[in-house]
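Structure first, then comments.
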Number of protein chains: 2
Amino acid sequence: MSDAPTDHPAPAAHPELSALALEPYAPKAQRAIWLQIYHRLAEAIERGCVAPGSKLPGEVQLAELFAVNRITMRRALALHQSEGRLQARKGVGIFVRQKPRHFEVRSDMTFADSLAADGGVISTRTLLLDRAPASAEAARLFGLAPGAEVIRMHRLRLLDGAPIYLSRKEFPPARFPRFEADYAQSGSVVAVYRAAGIPHYRRAETRVRGGLASREEAEILGLTPKTPVQHVTAINRAPDGAAIELNRGCWPMASVELVFSEDG
Amino acid sequence: MSDAPTDHPAPAAHPELSALALEPYAPKAQRAIWLQIYHRLAEAIERGCVAPGSKLPGEVQLAELFAVNRITMRRALALHQSEGRLQARKGVGIFVRQKPRHFEVRSDMTFADSLAADGGVISTRTLLLDRAPASAEAARLFGLAPGAEVIRMHRLRLLDGAPIYLSRKEFPPARFPRFEADYAQSGSVVAVYRAAGIPHYRRAETRVRGGLASREEAEILGLTPKTPVQHVTAINRAPDGAAIELNRGCWPMASVELVFSEDG
DNA sequence: CAGTGGTCTAGACCACATG
DNA sequence: ATGTGGTCTAGACCACTGG
């Protein structure tokens, strides 16, 4: 097959990859071929040979490049997806994700402050704000009857336009009779706290639990399903000790580091 | 548990699995077959139909049971390995792991206390105790010249005989001139602290970062390589503020929940 | 429509652990 | 020597996305 360069409109054919693919593989069973391909790709991505955001050649083309079967090629690609370096979109292609920035999410800051401290442009999309039956944990935490209503909010945080953090919050309605109005005005939960007469609050407890992204989480965060994620549950309390927020967050595992230090 | 590491030779044919395998699959493309098999297996394991520690039928046999190709079967099995429910050993078989207990590892306790609080039998194996050049982070933390020697210790924690936590510690030698002797006598790092005139210490900082197990980590912890794990870095300081320990821990992601609360 | 990634099959060879 | 899981291939069909 002569590689006739028909007018490819975009991705520049990635000559870097071709070079990588030419080296012979290490003796068999030394390391699996798919792992060797994985490492070569990792190096190419890490060194920036393939630009973040750019589209890779198709799987079949890559498989030809590296002279392996498509299935073998897919194993290398799949591992990179697990680690957050690549992102495949069905019917579209495989893309190099923005270099996974490691956010330091500090227990003594709001997440927004933690993110902003890193120098990126953070934006927020409120996906959902309504009233719904409390989750079991929220009901217990807020001292509500099972099935009682809470204020529910889903928000997506984006860094330079790319989804980076999904949070699902519940609030006790008794404390926030005007939640929707206050939030609409400020767009800030801390402002809602203030408006409700809670000038200060404290992060009373934070729990971290690893898992694999559900289909829904993966879709919202732009991840491959079953990618490892961090589930972070945080409880905020008012100075009087009452719980005022239960927050369940979800981060791509590869792009966050949680930092807990003893003083604020 | 009376389930000693000695292998019971009888896999018992797992009639439960046969029953699961008989149900027809959902209409095509509703959910992938391998995912359906995955869910059936998950349910069987969760309900205890297949005993923890027991050996599953071989892959070929399983593939026959579920009437799919071996590759397809392997996808279902692989996901369970990622989630810590199954563990494959080459040349041996696939085993059901002990039900993943979720340890609450609290920032205000030693890990040992966190574990013991859960009611399991915790044992410790000291894998390594020597002096070696400091890691970059340890040198900076302890204020040593790059390449200076530190005391290095690797320990493995086991719950009921099963590996559950790997820790790799570094200590500044100046603070602990008799580390080896003190540790040999007590087997406890806290006791070494005391013997060195540090009756109290504080966990100054804890960092949590998800990742995939390296080959070495996987081997020590009895995991499939590239299984998701939690890397926990902790810094202990003496009352005078000086760092006395840098600890890098590694947990199977599926079996730990890290809890940080504001008061001890 | 054409091209993409996602799934599935049938068969093969290998390295490894066990008896 | 046997059976195990790990790897790899060749070819096929599907669902989805985009122009």
Side-chain angles (χ1 to χ4, degrees), chain A residues 6-11 25-38 54-82 86-96 215 218-219 222-227, chain B residues 5-11 25-38 54-82 86-97 215 218-219 222-227:
Chain A
T6 62
D7 25 300
H8 287 285
Y25 294 112
K28 54 170 58 180
Q30 184 79 353
R31 265 192 315 196
I33 292 181
W34 70 268
L35 256 181
Q36 298 183 45
I37 295 177
Y38 161 83
S54 70
K55 184 177 148 191
L56 254 51
E59 287 181 350
V60 283
Q61 201 173 335
L62 281 173
E64 278 175 19
L65 252 179
F66 286 91
V68 293
N69 185 274
R70 184 176 158 221
I71 301 287
T72 305
M73 192 68 219
R74 277 177 63 79
R75 295 191 63 172
L77 295 170
L79 187 50
H80 276 126
Q81 292 182 60
S82 280
L86 294 180
Q87 162 66 7
R89 284 198 291 156
K90 191 193 283 197
V92 184
I94 303 173
F95 296 84
V96 182
R215 204 185 52 78
E219 197 164 317
L223 297 172
T224 305
K226 302 297 181 184
T227 297
Chain B
T6 62
D7 302 73
H8 292 281
Y25 294 112
K28 54 169 60 180
Q30 184 80 355
R31 266 191 313 196
I33 292 181
W34 69 268
L35 254 180
Q36 297 182 46
I37 295 177
Y38 161 84
S54 70
K55 185 176 148 193
L56 255 51
E59 288 181 348
V60 285
Q61 201 174 335
L62 280 173
E64 278 175 19
L65 251 178
F66 286 91
V68 293
N69 186 275
R70 184 177 159 222
I71 302 285
T72 306
M73 191 69 219
R74 276 176 64 79
R75 296 191 63 172
L77 295 171
L79 187 50
H80 275 125
Q81 291 181 60
S82 280
L86 293 180
Q87 161 66 7
R89 285 198 289 155
K90 191 195 281 196
V92 185
I94 303 172
F95 297 83
V96 181
R97 286 179 67 97
R215 206 184 51 78
E219 198 165 314
L223 297 171
T224 305
K226 303 295 182 186
T227 298

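So that the names make sense, note that chain A is the first sequence line, chain B the second, and so on, each numbered from 1. The shown structure was predicted, so the numbers you read here are calculated from the model rather than taken from an experiment.
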Those residues at least two apart in sequence (or on a different chain) that pass salt bridge (Lys or Arg N to Asp or Glu O under 4.0 Å) with Glu219(A) are Arg215(A)
Expressed in angstrom and rounded to an integer, what is the separation of Gln87(A) atom CD from dC16(D) atom P? 17 Å
Taken in chain and number order and not counting sequence neighbours, the residues that satisfy ring-ring contact (aromatic ring centres under 6.0 Å, His included) with Tyr38(B) are His80(B)
Would you kindly give the CD-to-P distance between Glu219(A) and dC16(D), to the nearest whole Å? 12 Å
For Ile94(A) and Glu59(A), which heavy atoms make the closest approach, and how far apart are they? CD1-CG, 3.8 Å
Mind calculating the distance between CG (Leu62(B)) and P (dG5(D)) to the nearest angstrom? 8 Å
Would you mind reading off the distance between Tyr38(A) atom OH and dG6(D) atom P, rounded to a whole angstrom? 18 Å
Using atom CZ of Arg215(A) as one end and atom C1' of dA15(D) as the other, report the distance to the nearest whole Å. 14 Å
Separation of dG3(D) C1' from Ile94(B) CD1 (nearest whole Å): 13 Å
Can you list everything that forms a salt bridge (Lys or Arg N to Asp or Glu O under 4.0 Å) with Arg75(B)? Sequence neighbours excluded, please. none
Tell me, for nucleotides 7-13 of chain D in 5' to 3' order, what letter each nucleotide earns: B for a base near a protein heavy atom under 4.0 Å, S for only sugar-phosphate near one, - for neither? BBBB-B-
Sequence-distant partners of Thr224(B), side chain to side chain donor-acceptor pair (under 3.5 Å), two or more places apart: Gln81(B), Gln87(B)
Which residues share a side chain to side chain donor-acceptor pair (under 3.5 Å) with Arg89(A), sequence neighbours left out: none
Protein-nucleotide distance (Arg89(A), atom CZ; dG18(D), atom P), rounded to Å: 6 Å
